[in-house]
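One structure is given here, and the rest of the page talks about it.
Any value given below was found using the heavy atoms of this structure, including those in side chains, with hydrogens, waters and symmetry copies removed.
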Amino acid sequence: IATVSADEKVNQIRTLQTHGLDFVEKEYRLSSELYNADKDGQIWFEAEASYLMSFYPNGNTIKNEKCSGGAGVIDIMSASYQVKLNQSIKSYEVWVRINYVNAGECNINSFIDGDVLNAKTQKISVTNKDINKWVWVKINTVNSIEEFRKLTLSAKGSIVILDKILVSP
């Protein structure tokens with residue numbers, strides 16, 4: 001994961017503040033990680049690294065040695081992540097790595113920059129034969145009109161563990 005200095009991060013987030021963010025959202029963003037692209041333009045981060053989840057409990061971080069960071073999240077109401085996009089790349093796909101833990105159905109919802117009205121929903125159906133399988137699921141597409149974007153996910157219920165997120169050109 002490519003990181004930036006604290007001063008550079010504050011300056012980047014101040015740019016975000018000009019877009020009408022309320023005080024609480026500004027505080028969340030100032031205290032959270034900003035994920036940057038690697039040399040291939042890909043942005044990787046752990047699902048449990050959401051800045052909202054560190055401020056109020058709305059999901060369960062669970063230990064799981066099969067998860068890439070040794071943990072994942074389950075039953076998430078709202079998990080948000082800040083990403084810095086390369087504006088020379090016009091469009092990115094958003095993928096999540098999930099583990100099927102129980103049979104049933106759930107929806108993984110995602111939206112960009114608080115735009116709930118244009119949220120994307122990926123319906124997940126898990127059968128008994130699928131339990132314990134790991135899969136990558138495309139959940140959204142984001143354009144790079146704005147350099148800094150906020151990605152928010154939700155996945156209520158205990159059907160899947162969210163492990164890792166990839167934002168890829």
Side-chain angles (χ1 to χ4, degrees), residues 1-6 9 12-13 16 24-25 27-85 92-114 116 119-142 148-168:
I1 298 173
T3 58
V4 296
S5 72
K9 181 179 171 185
Q12 291 171 345
I13 293 171
L16 292 171
V24 173
E25 180 71 9
E27 290 301 309
Y28 287 155
R29 289 193 180 194
L30 282 169
S31 63
S32 68
E33 184 67 44
L34 177 66
Y35 298 101
N36 292 289
D38 64 15
K39 64 179 178 48
D40 298 318
Q42 297 181 331
I43 304 166
W44 296 87
F45 45 94
E46 299 294 330
E48 65 272 17
S50 165
Y51 69 88
L52 284 180
M53 291 178 63
S54 65
F55 281 90
Y56 64 93
N58 71 81
N60 297 306
T61 300
I62 59 169
K63 301 233 183 268
N64 184 320
E65 70 272 356
K66 293 181 181 177
C67 290
S68 60
V73 289
I74 196 165
D75 194 24
I76 308 156
M77 181 173 57
S78 182
S80 293
Y81 313 87
Q82 296 185 101
V83 294
K84 180 181 178 189
L85 303 178
Y92 287 82
E93 294 179 340
V94 180
W95 295 79
V96 293
R97 181 177 184 249
I98 60 175
N99 180 250
Y100 300 139
V101 291
N102 291 304
E105 292 186 344
C106 79
N107 292 326
I108 299 176
N109 302 299
S110 62
F111 53 93
I112 309 299
D113 293 336
V116 179
K120 304 289 189 229
T121 299
Q122 180 65 45
K123 186 173 190 165
I124 306 292
S125 296
V126 180
T127 64
N128 284 329
K129 68 178 180 155
D130 294 327
I131 292 175
N132 292 321
K133 287 186 180 177
W134 288 94
V135 296
W136 282 96
V137 177
K138 180 182 170 191
I139 60 168
N140 209 330
T141 300
V142 59
F148 302 99
R149 305 304 296 262
K150 179 180 82 168
L151 169 65
T152 302
L153 305 176
S154 69
K156 292 301 290 171
S158 58
I159 304 300
V160 299
I161 298 173
L162 274 70
D163 175 37
K164 195 166 196 72
I165 295 125
L166 167 64
V167 181
S168 178

Discussion item. According to side-chain hydrogen bond (donor to acceptor under 3.5 Å, both in side chains), who are the partners of Glu105, at least two apart in sequence or on a separate chain?
Written reply: Lys123, Ser125

Item to complete: Identify the heavy atoms of Ala103 and Asn128 that sit nearest to each other, and give their distance.
Response: CB-OD1, 3.3 Å

Worksheet item: Lys156 and Ile76: which non-hydrogen atoms are nearest, and at how many Å?
Response: CD-O, 3.5 Å

Response to the item:
Residue set satisfying salt bridge (charged side-chain N to carboxylate O under 4.0 Å, His left out) with Lys66, at least two apart, ordered chain then number -> none

Fill in: Pairing residues for Asp130 by the side-chain hydrogen bond (donor to acceptor under 3.5 Å, both in side chains) criterion, not counting sequence neighbours
Thr127

Worksheet item: If you round to the nearest 0.5 Å, how far is CG of Leu162 from CG of Leu153?
Response: 6.5 Å

Response to the item:
With sequence neighbours left out, the residues meeting side-chain hydrogen bond (donor to acceptor under 3.5 Å, both in side chains) with Thr121 are Asn109

Practice prompt. Evaluate the side-chain proximity of Leu151 to Val142: yes if any heavy-atom separation is below 4.5 Å, no if none is.
Written response: no

Worksheet item: Which residues satisfy the side-chain contact (heavy atoms from CB on, under 4.5 Å) test with Ile159, sequence neighbours excluded?
Response: Asn102, Cys106, Val126

Fill in: Qualifying residues under side-chain hydrogen bond (donor to acceptor under 3.5 Å, both in side chains), relative to Asn99, sequence neighbours excluded
none

Item to complete: Can you label the angle between the Tyr81 ring and the Phe45 ring as parallel, tilted or perpendicular, going by 30° and 60°?
Response: tilted

Worksheet entry | Nearest heavy-atom neighbours spanning Asp40 and Asp38 | N-OD1, 2.9 Å

Worksheet item: So, for Asn36 and Lys84, which heavy atoms are closest and what is the spacing to 0.1 Å?
Response: OD1-CD, 3.1 Å

Worksheet entry | Exercise: identify the closest heavy-atom pair between Ile161 and Gly72 | CG2-CA, 3.8 Å

Worksheet item: Between Ser78 and Ser154, is a side-chain hydrogen bond (donor to acceptor under 3.5 Å, both in side chains) present by the stated rule, with each step listed?
Response: CA-CA 5 Å; Ser78 182; Ser154 69; over 6 Å; no

Practice prompt. Over all heavy atoms of both residues, which pair between Cys67 and Arg97 is shortest? Give the atoms and the distance, please.
Written response: CA-NH1, 4.3 Å

Worksheet, complete the sentence: CG of Asn140 to CD1 of Ile108, rounded to nearest 0.5 Å, is 11.5 Å

Discussion item. Test your reading of the model: is there a side-chain donor-acceptor pair from Asp163 to the backbone of Ile98, 3.5 Å cut-off?
Written reply: no

